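Just so it is clear: chains get the letters A, B, ... in the order the sequence lines come, proteins before strands, and each one is counted from 1. Keep in mind the model is a prediction, meaning the values are calculated, not measured.
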There are 2 protein chains.
Amino acid sequence: MLKGTLEGCVLEIIGAEETYGYAITRRLNDLGFTDVVEGTVYTILLRLEKNGLVQVTKRPSEVGPPRKFYALNEAGREELATFWAKWEYITSRIAKLKEGGS
Amino acid sequence: MLKGTLEGCVLEIIGAEETYGYAITRRLNDLGFTDVVEGTVYTILLRLEKNGLVQVTKRPSEVGPPRKFYALNEAGREELATFWAKWEYITSRIAKLKEGGS
DNA sequence: TACTGCTACATCGTATCACTGAGTAGTGAC
DNA sequence: GTCACTACTCAGTGATACGATGTAGCAGTA
């Protein structure tokens, strides 16, 4: 039902700013998703790339191995909008359920 | 990350009133979770029973096969409280992410 | 009595998501 | 030269929820 929530979060982060896997993991950790680890994020990124939702650019880093920067393309922005719409819907339904609504 | 959300919804429904699988499915459908089907609900109910979160009572029905009524036990109520706490946490984090917060 | 339709429960198989854990590599500091 | 941090990859895995199907009780009707 809510599968792909973390994927949506990653899309949102990429949509706000072109960034790379390691930084996305740190950002999620800072946001409070403390148990999200790199392995998880990279599998999501690879899936996004495979599904053609992102544009990938490899750039050298001054402090380590080269980074793969991700940016949303048109399909990615549509997917992100779809995700938020779905998220709003589900959360509103669950809120309704919680307050005993019919 | 959000695994068990539907399970939490089912727990909430059972917690509000002792009820049975078919009725839970109808309730979820009425609430807007239109694509939740019986098979999904029954697997959740069997899991709840297996994990010792519910008390099950079989009662005859006047309009069909006997019904298995489910009620929360103490462990179930604790699980439900845990679920809502987790849900609040996750939704607040995602809201923060959406509005561009750090 | 045969059928149709609704209620009600059960289960097998499966797609996908996210996690675990391990590995590889570059840079800089001590 | 070893440690720490940065950075990416991948194989294996568990769990969730969905799809599809099957079984069965009851009621109406023709």
Smallest separation among heavy atoms of G52(A) and A75(A), with atom names:
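Looks like O-CB, 3.8 Å.
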Tell me the closest heavy-atom pair linking K86(A) and K3(A), and the distance in Å.
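Where K86(A) meets K3(A) most closely, the heavy atoms are NZ-O, 4.1 Å.
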Result of checking E49(A), E79(A), K68(A) against V54(A) for side chain to side chain contact (heavy atoms under 4.5 Å, CB included):
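Output: one option passes, namely E49(A).
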Minimum side-chain heavy-atom gap V56(B)-L45(B) below 4.5 Å
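No - every pair of side-chain heavy atoms lies 4.5 Å or more apart.
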Heavy-atom side-chain proximity of T5(B) to E7(B) below 4.5 angstrom:
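Side chain of T5(B) against side chain of E7(B), heavy atoms only: no contact under 4.5 Å found.
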For DNA chain D, find the residues of residues 68-94 of chain A with a heavy-atom distance under 4.0 Å and give them by number; none if there aren't any.
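K68(A), in order of number.
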Using a 4.0 Å cut-off on heavy atoms, which residues in residues 33-41 of chain B reach DNA chain D? List them by number, or say none.
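Heavy-atom cutoff 4.0 Å gives G39(B), T40(B).
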Over how many whole Å does the gap from [X] atom [atom1] to [N] atom [atom2] extend?
X      : N       : atom1 : atom2 : value
R67(B) : dA10(C) : CZ    : P     : 14 Å
Y42(B) : dA10(C) : OH    : P     : 7 Å
I44(A) : dT16(C) : CD1   : P     : 15 Å
K3(B)  : dC19(C) : NZ    : C1'   : 8 Å
M1(B)  : dC17(C) : CE    : P     : 13 Å
L2(A)  : dA18(C) : CG    : P     : 10 Å

For DNA chain C, which residues in residues 49-58 of chain A have a heavy atom at a distance below 4.0 Å?
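Those residues: none at all.
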Between T5(A) and P66(A), which residue's closest nucleotide on DNA chain C lies nearer the 5′ terminus?
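Here T5(A) is the residue nearer the 5' end.
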With a 4.0 Å limit, can you tell me whether S61(B) has a side-chain N or O closer than that to the phosphate oxygens OP1/OP2 of dA8(C)?
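Answer is yes, contact under 4.0 Å.
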OP1, OP2 of dT7(C) versus side-chain N and O of Y22(B): anything below 4.0 Å?
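Yes, Y22(B) has a side-chain N/O under 4.0 Å of OP1/OP2 on dT7(C).
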By nearest heavy atom, map G4(B) and T43(A) onto DNA chain D; which one lands nearer the 5' end?
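It is T43(A) whose nearest nucleotide is closer to the 5' end.
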How would you give the extent of chain A contacts on DNA chain D, as first and last nucleotide 5' to 3' within a 4.0 Å heavy-atom cut-off?
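Both ends considered, the range comes out as dT6(D) to dA17(D).
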With sequence neighbours excluded, what pairs up with T43(B) under the side-chain contact (heavy atoms from CB on, under 4.5 Å) test?
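Residues passing side-chain contact (heavy atoms from CB on, under 4.5 Å) with T43(B): none at all.
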Quick one: does NZ or CZ of R67(A) land under 6.0 Å from the six-membered ring centre of F69(A), within 45 degrees of the ring axis?
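No - R67(A) does not lie over the ring of F69(A) by the 6.0 Å and 45° rule.
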Take R59(B) and E18(B) through the salt bridge (Lys or Arg N to Asp or Glu O under 4.0 Å) test and state the conclusion after the steps.
CA-CA 12 Å; R59(B) 299 213 190 100; E18(B) 187 186 42; 3.2 Å; yes
Can you tell which of dC9(C), dT7(C), dC17(C) lies closest to the side chain of E7(A)?
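Selected nucleotide (nearest to the side chain): dC17(C).
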Would the number of heavy atoms belonging to other residues, nucleotides or ligands and lying under 6.0 Å from CD of E38(A) be above 12?
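Yes, because the 6.0 Å sphere around CD of E38(A) holds more than 12 heavy atoms from other groups.
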Determine to 10° how strongly the helix from dT1(C)-dA30(D) to dC30(C)-dG1(D) is bent, judged from the axes of its five-pair ends.
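Here the local axes at opposite ends form an angle of 10°.
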